[in-house]
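All figures in this text were calculated on a predicted structure; none of them were measured in a lab. So that the names make sense, note that chain A is the first sequence line, chain B the second, and so on, each numbered from 1. Values reported hereafter were calculated over all heavy atoms of this structure, with side chains retained and with hydrogens, waters and symmetry mates removed.
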Amino acid sequence: MPAGRVATYGQIAAAAGNPRAARAVVWVLRRRDDLPWHRIVNVGGGVSLRAGDGRERQCALLEAEGIEFGADERIDLSRYGWVAPLGR
DNA sequence: ACCATGACGGTCA
DNA sequence: TTGACCGCCATGG
C-alpha cells in the first residue's frame with residue numbers, strides 16, 4: 001500500500017483472507033496505532049471517522065499525500081484506490 | 001457459552 | 001436518496 005493511495009476495510013480484509021472481516025479490520029485499527037489508518041476508508045471512499053474523533057486529521061493527512069476529496073469529502077477509489085495486494 | 005463493542009458492507013423499505 | 005436492519009469477523013467481559 002504505497003502512499004497516495006487508500007484502501008477500503010473490505011479490501012484489506014480480503015487481502016487478509018476474509019473479504020467479510022471488515023469489522024475485524026476495524027478492531028485491528030483500534031488496537032494498533034502504528035498502521036496507516038489514515039489511508040483506510042470505507043467502500044464509498046469516505047472517511048468513516050466522526051467529526052471530532054479524528055476525521056479532520058485523516059482528511060488532512062490524505063490531502064498531504066496528494067489525495068483529493070470530492071464534493072462530499074469523498075475519495076475517488078478509481079483514482080486513489082489501492083490496487084493489487086500482490087506485488088504493489 | 002453468551003452478550004456487547006467496532007472507523008464495515010450489502011440489502012430492503 | 002436516505003434510513004434502518006442484518007450479516008460478517010475478532011476480542012473482551
N/O donor-acceptor pair, side chain R20(A) with base dC9(C), under 3.5 angstrom:
no
Send over the distance from N18(A) CG to dC9(C) C1', rounded to a whole Å.
7 Å
So do R50(A) and R55(A) actually touch side chain to side chain, heavy atoms under 4.5 Å?
no
In residues 46-55 of chain A, which ones come under 4.0 Å of DNA chain B, going by heavy atoms?
S48(A), L49(A)
At their closest point, which heavy atom of G44(A) faces which heavy atom of L77(A), and how far apart are they?
C-CD1, 4.4 Å
Heavy-atom closest pair, residues I12(A) and A7(A):
CG1-CB, 4.1 Å
Between R30(A) and dA7(B), is there a side-chain N or O to OP1/OP2 distance below 4.0 Å?
yes
Fill in the dot-bracket string of DNA chain B, one character per base: . for unpaired, | for a pair to another strand, ( ) or [ ] for pairs within the strand, taking Watson-Crick or G-U pairs under 3.5 Å.
.|||||.||||||
Among the nucleotides dG9(B), dC8(C), dA10(C), whichever has the atom closest to the side chain of W27(A) is dA10(C)
Nucleotide of dA7(B), dC8(C), dG9(B) approaching R23(A) most closely (side-chain heavy atoms):
dC8(C)
Heavy atoms from other residues, nucleotides or ligands near CD of E56(A) exceed 12 (cutoff 6.0 Å):
no
Between Q11(A) (CD) and dG10(B) (P), how many Å, whole number?
12 Å
Quick check: do C59(A) and V47(A) have side-chain heavy atoms less than 4.5 Å from each other?
yes
Tightest non-hydrogen contact, residues Q58(A) and I40(A), listed as NE2-O, 2.9 Å
Atom pair distance, as rounded to whole Å: CG in D72(A) and C1' in dT1(C)
12 Å
What's the closest nucleotide to the V43(A) side chain, out of dA10(C), dC8(B), dG10(B)?
dG10(B)
Please determine, for the side chain of A21(A), which listed nucleotide (dA7(B), dC9(C), dG9(B)) has the closest atom?
dC9(C)
Salt-bridge contact R5(A)-E65(A) (side-chain N to carboxylate O under 4.0 Å)
no
Counting side-chain heavy atoms from CB outward, which of dC9(C), dG9(B), dC8(B) is closest to V26(A)?
dC8(B)
Atom CH2 of W37(A) to atom P of dA7(B): distance rounded to whole Å?
13 Å
L29(A) atom CG is separated from dG6(B) atom P, nearest whole Å, by 14 Å
